[in-house]
Amino acid sequence: LGRIVSALPTQVTGGTEYNRSVAATWFVSEAELSGAARCVLRLSCFLAPTPITQDLFLREPDTFREALVLCGHRGEESLDELCEEALVQLDSYSLVDLAATEFSCHRLLATVQRERLPDAERTTWLSFVLRIVATATKVDPYDVRSWAVLAPMQSHVLELVDHADRLGIANPTVLLM
């Protein structure tokens, strides 16, 4: 983390004379997030900076709920509502760009999120995302009707495989290949 923070400018003096570090702003914003929003942000940080369908994490509800618990969420609310509220909160802090059916997380923010995690936690969170994406892409690639599901996931699969390769996670990565 120190490597990332030291690479960021300590002061930004643009036309608005805004003098706060980007990292400090993110950290303050993150401290205000609900457990569900922190969970969605952590899961998103392993995906590509391309649009992510808003329902992606809901496609593997048991894994999503397990990740929510790890972020301190103990409620029994609807996962749909939790995910929607989390995305709205993340968008309100400009931590994701939210559109009608999808969202994206900036590459630099994703890198900071990943690098802040200790290795064991990074492996845990990556495993969650691998399971979610493996379920989301469990379609017949030879059936032309499934291409609409697979095409938007391609950049995310490539990003996940790269992260998994660096951390030595083979399963369920092989399911994505």
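Numbering of residues begins at 1 and proceeds along the displayed sequence.
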For the residue pair F57 and F64, categorise the inter-ring angle as parallel (less than 30°), tilted (30 to 60°) or perpendicular (more than 60°).
parallel

Treating S146 as the side-chain partner and Y142 as the backbone partner, does any N or O pair qualify as donor plus acceptor under 3.5 Å?
no

First locate atom CZ of R42, then atom SG of C71, and finally report the distance between them rounded to the nearest 0.5 Å.
4.5 Å

Is any side-chain heavy atom of L95 closer than 4.5 Å to a side-chain heavy atom of C105?
no

Do the non-hydrogen side-chain atoms of L158 and Q154 ever get within less than 4.5 Å of each other?
yes

pair R122-E115: side-chain heavy atoms closer than 4.5 Å:
yes

Taking T137 for the side chain and L150 for the main chain, is one N or O donor matched with an acceptor at less than 3.5 Å?
no

For residues E85 and S34, is any side-chain donor paired with an opposing acceptor at under 3.5 Å?
no

Sub-4.5 Å side-chain heavy-atom contact between E77 and L82
yes

Please determine, by modelled atom types, if S78 and D80 share a side-chain donor-acceptor pair under 3.5 angstrom.
no

So how far is it from L90 CG to L98 CG, rounded to the nearest 0.5 Å?
9.0 Å

Please report the shortest heavy-atom distance between A148 and P152, naming the atom on each side.
O-CD, 3.2 Å

Quick check on the hydrophobic clustering: are V69 and L117 connected, directly or via other members, by side-chain heavy-atom contacts under 4.5 Å?
no

So V96 and H106, do their side chains get closer than 4.5 Å, heavy atoms only?
no

Can you give me the closest heavy-atom contact between E60 and T135, atom names plus distance?
OE1-OG1, 2.6 Å

Answer yes or no: is there a donor N or O on one side and an acceptor on the other, between the side chain of H156 and the main chain of P51, under 3.5 Å?
yes

Is it true that the side chains of T63 and R131 contain a donor and an acceptor less than 3.5 Å apart?
yes

Could you tell me the separation between the CG atom of L130 and the CG atom of L126, rounded to the nearest 0.5 Å?
4.5 Å

Donor-acceptor pair, distance only, cut-off 3.5 Å: does the side chain of Q89 make one with the backbone of A36?
no

Residue pair Y93 / E32, side-chain heavy-atom distance below 4.5 Å:
yes

Give a yes or no on whether the backbone of A100 and the side-chain of Q54 come within a donor-acceptor separation of less than 3.5 Å.
yes

Is the count of non-hydrogen atoms from other residues, nucleotides or ligands lying under 6.0 Å from E102 atom CD greater than 12?
yes

Working note: I169 + S127, criterion side-chain contact (heavy atoms from CB on, under 4.5 Å); need CA distance, chi angles, decisive distance, verdict.
CA-CA 8 Å; I169 299 174; S127 295; 4.0 Å; yes

Indicate yes or no: does D62 engage R65 in a salt bridge with an N to O separation below 4.0 Å.
no

To the nearest 0.5 Å, what is the distance between CD1 on I132 and CD on E66?
9.5 Å

Is the number of heavy atoms from other residues, nucleotides or ligands within 6.0 Å of CZ (R166) greater than 12?
yes

What pair of heavy atoms forms the shortest contact from F46 to L160, and how long is it?
O-CD2, 3.6 Å

Nearest 0.5 Å, what's the CG-CG distance between D55 and L79?
12.0 Å

Under a 4.0 Å threshold between the charged nitrogen and the carboxylate oxygen, would E121 count as salt-bridged to R114?
no

What are the two closest heavy atoms between R38 and L33, and how far apart are they?
NH1-O, 2.7 Å

Do L56 and L47 make a side-chain contact, defined as non-hydrogen atoms from C-beta onward lying under 4.5 Å apart?
yes

Could you state the interatomic distance from CZ (F103) to CG (L87), rounded to the nearest 0.5 Å?
5.0 Å

